[in-house]
Amino acid sequence: MSQQDDFDLVVLGAGSGGYAAALRAAELGMRVALIEKDKLGGTCLHKGCIPTKALLHSAEVIEDIKNAANFGVAAAFDHVDLAGVRKYKDGVVGGLFRGLSGLVASRGIEQIDGTGQLSSPTSVTVTPTAGGAQRVVSGTNLLIATGSVPKQIPGIIVDGERIITSDDALTLDTIPRSVIILGGGAIGCEFATIWNSFGAKVTIVEALPHLVPLEDVASSKSLEKSFKRQGIEFTVGAMVTEATRTPDGVSVSLEDGTTLSADLVLVAIGRAPVSEGIGLETVGVETYRGYIKVDQHCRTSVPTIFAVGDLIPTLQLAHVGFAEGILVAETLAGQQVQPIDYLGIPRVTYSHPEVASVGLTAHSAVEHGYDIEEVTYDLAGNGKARILGTSGIVKVVAAKNGPVLGVHMVGARVGELISEAQLIVNWDARPDEVAQHIHAHPTLSEAVGEAHLALAGKPLHSHN
Ligand SMILES: Cc1cc2nc3c(=O)[nH]c(=O)nc-3n(C[C@H](O)[C@H](O)[C@H](O)COP(=O)(O)OP(=O)(O)OC[C@H]3O[C@@H](n4cnc5c(N)ncnc54)[C@H](O)[C@@H]3O)c2cc1C
């Protein structure tokens with residue numbers, strides 16, 4: 001026995017991309033069904049952005065206490081109360097989850113708890129989580145937003161105990177004495193910061209020549225310098241060949257013959273799209289290397305079916321999922337929608353120090369054929385950075401006599417500075433135009449101003 005329903009839009013997966021589409025579509029008057037097999041909010045809310053940033057804030061509090069003497073404050077760090085940290089993290093996640101659930105309900109979206117599979121270009125068959133009969137949910141259009149899961153390394157078996165992924169790392173009930181992190185991207189570097197502050201000995205192994213390898217090389221080098229100072233070890237340009245359990249931990253072999261050992265190994269080499277077992281072949285949705293192929297409006301090869309978020313080959317970030325979800329809803333509502341400019345999207349790694357960027361790196365700008373000018377402003381010259389005790393850079397890449405193409409920053413709180421950089425890049429502003437804007441003193445944002453002043457040929461607190 002199966003029950004049949006009709007909606008304007010049926011969304012499969014209630015993570016950032018799926019729920020954003022559902023909320024916007026409902027706002028635009030559509031009847032929406034939102035199918036989720038786990039929890040509303042998906043990876044970002046339950047296993048990604050939010051819980052990791054809560055742990056990073058605990059790490060920051062630890063560092064503040066440990067470094068209190070530098071600011072003339074006598075405070076002694078005692079220990080990390082992991083149960084307390086988890087309670088705080090779960091409290092943040094729980095509060096946001098309740099808020100989101102209320103919002104979805106208030107927009108009249110029908111939330112369906114179950115695992116869905118496409119059964120035709122306009123229907124999804126749902127196996128309810130609570131058991132019982134399958135349900136066929138039909139819609140004029142379907143949106144696939146099933147997201148991603150941690151990528152595995154062939155031959156390395158994740159057991160969830162000694163060899164773990166970021167999902168497992170969020171629920172550990174002990175602090176490891178030592179950790180090897182495979183992958184020096186955003187997730188790897190964020191966990192390196194967390195565990196280093198919690199007292200573990202951390203070693204990162206990265207296959208590419210630098211940590212945060214997608215960033216401008218100046219940002220990578222600045223982060224590497226700071227990690228070294230903090231005692232976070234890393235090996236770059238190193239391929240892992242094996243990771244095996246030993247009686248008291250894990251042993252990791254590298255291609256060059258080096259062997260490393262630790263209590264725990266975190267596999268953080270990226271995220272794989274969830275595109276298998278959801279009926280794509282049944283309805284003929286085309287994929288490439290597991291990612292769903294879409295056009296500029298996130299429409300798949302089947303005209304009634306759209307896809308957004310981590311399972312399409314765009315940046316795997318929550319705010320990208322939100323933007324793509326909104327784009328689909330507005331496209332379906334018949335609005336004139338501008339395609340997303342993926343180069344204009346801000347990227348932040350919330351390690352200590354933070355790494356934030358928008359637009360082209362110097363290397364990619366040259367590859368795009370630009371004749372470039374660049375300035376790297378050292379935060380050592382910024383009053384607020386000195387007050388906070390942070391170091392880092394603001395690097396601006398501009399086309400010669402033309403607009404700013406990219407801004408790259410490293411330092412405490414630079415994730416909060418990226419919004420100005422994003423306006424500069426997305427508005428095609430020239431350095432001399434930005435240089436006219438007066439920044440409040442003393443703020444970190446002055447460093448953004450100083451870098452543009454220097455590029456405009458009139459540096460204030462830096463040399464030409
Ligand atoms: C550790 C970590 C830290 C991160 N930090 C950040 C950050 O700071 N900032 C940032 O922008 N991004 C961050 N991300 C990335 C961000 O979480 C993802 O880009 C975002 O969650 C992708 O959204 P999505 O909607 O594509 O997929 P997801 O959030 O993965 O949601 C997909 C949903 O679909 C459901 N689903 C899957 N298959 C089915 C099915 N067959 N039936 C029903 N439901 C199904 C899943 O249960 C899931 O809830 C982080 C990720 C991780 C892992």
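It should be emphasised that the depicted structure is a prediction, and the values quoted were computed from it without experimental measurement. By convention here, the first residue in the shown sequence is residue 1. Excluded from the calculations below are hydrogen atoms, water molecules and symmetry mates; all remaining heavy atoms, backbone and side chain alike, are included. Both counts, for ligands and for their atoms, begin at 1 and track the order of listing.
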[atom]: nearest protein contact (heavy atom, Å):
atom	answer
atom 25 (O) of ligand 1	Gly17 N, 2.9 Å
atom 15 (C) of ligand 1	Gln316 O, 3.7 Å
atom 51 (C) of ligand 1	Gly48 CA, 3.9 Å
atom 21 (O) of ligand 1	Cys44 N, 3.3 Å
atom 19 (O) of ligand 1	Asp310 OD1, 2.8 Å
atom 34 (O) of ligand 1	Gly13 CA, 3.3 Å
atom 44 (N) of ligand 1	Lys37 N, 3.2 Å

Polar atom proximity, [X] to ligand 1 (N or O, under 3.5 Å):
X	answer
Thr43	yes
Ile187	no
Leu311	no
His319	yes
Ser16	yes
Ala318	yes
Ser166	no
Leu12	no
Tyr350	no
Thr52	no

Atoms of ligand 1 less than 4.0 Å from [X] heavy atoms?
X	answer
Thr115	41 (N), 42 (N)
Ile278	41 (N)
Gly309	26 (O)
Arg271	53 (C)
Asp38	47 (O)
Gly15	25 (O), 29 (O), 31 (O), 33 (C)
Lys53	5 (N), 6 (C), 7 (C), 8 (O)
Gly147	26 (O), 27 (O), 28 (P), 30 (O), 32 (C)

- Message: To check you understand the geometry: which heavy-atom pair defines the closest contact between Ala33 and Ile112, and what is its length?
- Response: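 Nearest heavy atoms, Ala33 then Ile112: CB-CD1, 4.0 Å.
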- Message: Please find the pair of heavy atoms, one from Arg245 and one from Glu161, that lie closest to each other, and give the distance.
- Response: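 Heavy-atom minimum between the residues: NH1-OE1, 3.2 Å.
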Short question: side chain of [X], backbone of [Y] - any donor-acceptor pair under 3.5 Å?
X	Y	value
Thr304	Pro121	yes
Glu446	Thr443	yes
Asp263	Gly249	no
Ser301	Gly284	yes
Thr174	Pro176	no
Asn67	Glu63	yes

- Message: Would you call the rings of Phe97 and His46 parallel, tilted or perpendicular, taking 30° and 60° as the class edges?
- Response: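 Rings of Phe97 and His46: perpendicular, over 60°.
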Within a 6.0 Å radius of atom [atom1] on [X], are there more than 12 heavy atoms belonging to other residues, nucleotides or ligands?
X	atom1	value
Lys228	NZ	no
Leu82	CG	yes
Lys225	NZ	no

Selection from [options] by shortest heavy-atom distance to [atom]:
atom	options	answer
atom 9 (N) of ligand 1	Gly114, Gly325, Pro51, Cys49	Cys49
atom 47 (O) of ligand 1	Glu190, Gln117, Glu36	Glu36
atom 42 (N) of ligand 1	Ser148, Gly42, Gly116, Gly18	Gly116
atom 32 (C) of ligand 1	Gly279, Ala145, Ala307, Ala186	Ala145

- Any non-hydrogen atom of His46 lying under 4.0 Å from ligand 1?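 No; His46 lies far enough from ligand 1 that no heavy-atom distance drops under 4.0 Å.
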- Message: With a 4.0 Å cut-off on heavy atoms, is Gly321 in contact with ligand 1?
- Response: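 Outside the 4.0 Å threshold, so no.
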- Give a yes or no on whether a salt bridge exists between Arg135 and Glu110, defined as a side-chain N under 4.0 angstrom from a carboxylate O.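 Judged by the 4.0 Å cut-off on N to carboxylate O distance, Arg135 and Glu110 do form a salt bridge.
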- Minimum side-chain heavy-atom gap Glu206-Phe234 below 4.5 Å: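 A side-chain contact is absent here, since even the closest heavy-atom pair is not under 4.5 Å.
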- Using distance alone, with no hydrogens and no angle criterion, decide if Thr193 and Asn196 have a side-chain donor and acceptor under 3.5 Å apart.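 The answer is no; no qualifying pair exists.
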Using distance only, find each side-chain donor-acceptor pair of residues 335-346 under 3.5 Å and give its atom names and separation, not counting sequence neighbours.
residue : atom : partner : partner atom : Å
Asp341  : OD1  : Leu343  : N            : 3.2
Tyr342  : OH   : Glu324  : OE2          : 2.6

- Query: Is it the side chain, the backbone, both or neither of Thr146 that has a heavy atom closer than 4.0 Å to ligand 1?
  - Reply: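 Near ligand 1, Thr146 shows its backbone as well as its side chain.
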- Can you list the residues that meet the side-chain hydrogen bond (donor to acceptor under 3.5 Å, both in side chains) rule with Glu420, with sequence neighbours excluded?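 Testing Glu420 for side-chain hydrogen bond (donor to acceptor under 3.5 Å, both in side chains), a comparison that skips the adjacent residues, returns His439.
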- Query: So among Val11, Leu9, Leu23, which one has a side chain to side chain contact (heavy atoms under 4.5 Å, CB included) with Ile109?
  - Reply: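 Single side chain to side chain contact (heavy atoms under 4.5 Å, CB included) partner of Ile109 among Val11, Leu9, Leu23: Leu23.
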